Amino acid sequence: MSDDYRQLLDATIQHLDGLKSRGIRHVAVAPETLRALALPPKFPTANFPSPISKAPVAPVAQTEPVLSMPPKKSVAPVVAPKIVASIPQVEITSASPAKAAAFTALRERALTCVKCPHLAASRTTVVFGVGSIDAQLMFVGEAPGADEDEQGEPFVGRAGQLLTKIIQATGLSRADVYIANILKCRPDTPGQSAGNRPPTPEERATCLPYLQEQIDLIQPKAIVALGATAVDGLLGKTLGITKLRGNWQTYRGIPLMPTYHPAYLLRNQSLSEKRKVWEDILKVMEKLEMPISPKQRNFFLPA
Ligand code: URA
């Protein structure tokens, strides 16, 4: 084994050891990386001069992936964290193949992200986003909850079902729009088996670049920011959702409509609050020049 290779192996083991000591128990590895790791290492022949014989050396059978090789004696034995080759493969399509490729690469980066070690350790999945990357309309929420963490898709729990109904009331489907969150991992709640918490400012700042890249690639014609965390996260200011909702804002040149989070509507079931959200959505439909029927105009008005 070459010195270079040994050093690389030691560095990898130390890195994994460091992650493990910070409580990280899983390391997501892209399938192609795993395949490459399972191959015998390629040593440049120049590193293996054979002063004894020039006869070809039979390749050493390598049955185990490189990461399971025993560490050097000088390195304390470590148990490498379980490696999960679990980037669920989805086909991302677009009218532009370059855009689809860039989005796929972004998704793979996000799905293997460990920038927030506590969230990487506690999450079941990274909830990247769902829908069409050629969508004209994008919805941005706060962070995945338990259902989303479980299923790897944003807005699939109770609040998500309400959001789906709102989208369908416009005449669109979830597949026609793009749905994402400020935070891609479920905020952990140590010591609690259930419950949610809003993302911390640090978590938001760490994760935001992924959402920014998603928006930069999708280039929607309008964004609906659902709730205070989404509005504050995207606009970088805290003005209060009650004041901002219904009033067009701009995110990097894209019209952004702040509105209440569907979870708020689940807590406050009054017709007047539903109507407020619906009026915000009507403004979005007008901006996108979507057809609006008289029936749609009158949703949630008192009889
Ligand atoms: N609430 C959010 O803000 N996002 C989700 O994905 C689910 C619930």
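Values reported hereafter were calculated over all heavy atoms of this structure, with side chains retained and with hydrogens, waters and symmetry mates removed. Numbering of ligands and ligand atoms starts at 1, following listing order. The first residue in the sequence is number 1, and the count goes up from there. All values reported here derive from a predicted model rather than from experimental measurement.
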Per-atom contacts, ligand 1 versus Glu142 - under 4.0 Å to a heavy atom: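 Taking each heavy atom of Glu142 in turn, ligand 1 has 2 (C), 3 (O) under 4.0 Å.
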Distance filter under 4.0 Å to Gly141 heavy atoms, resulting ligand 1 atoms: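 Near Gly141, meaning under 4.0 Å from one of its heavy atoms, ligand 1 has 3 (O).
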Nearest protein heavy atom with distance in Å, relative to atom 1 (N) of ligand 1: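 Of the protein heavy atoms, His261 NE2, 3.3 Å lies nearest.
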Identity and separation of the nearest protein heavy atom to atom 4 (N) of ligand 1: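 Checked against all protein heavy atoms, atom 4 (N) of ligand 1 sits closest to Asn181 OD1, 2.9 Å.
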Short N-O contact, Glu273 and Lys276, less than 4.0 angstrom: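 Yes, charged N to carboxylate O under 4.0 Å.
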Asp216/Arg252 ion pair, N-O < 4.0 Å: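 A salt bridge links Asp216 with Arg252.
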Ligand 1 contact on Ala143 by region, counting heavy-atom pairs under 4.0 Å: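 Under 4.0 Å from ligand 1, Ala143 contributes backbone atoms alone.
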Mode of Pro154 contact toward ligand 1 - side chain, backbone, both, neither (heavy atoms, under 4.0 Å):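 Under 4.0 Å from ligand 1, Pro154 contributes backbone and side-chain atoms.
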Geometric cation-pi criterion, Lys287 with Trp248: 6.0 Å, 45°: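 Geometry flag: set, cation within 6.0 Å and 45°.
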Exercise: do Asp280 and Thr259 side chains pair donor with acceptor under 3.5 Å: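 A pair is found: one side chain offers a donor N or O, the other an acceptor, under 3.5 Å apart.
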Qualifying residue, where the test is side chain to side chain donor-acceptor pair (under 3.5 Å) with Glu203 and the options are His118, Lys115, Lys184: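 That would be His118; it is the only one of His118, Lys115, Lys184 passing the side chain to side chain donor-acceptor pair (under 3.5 Å) with Glu203.
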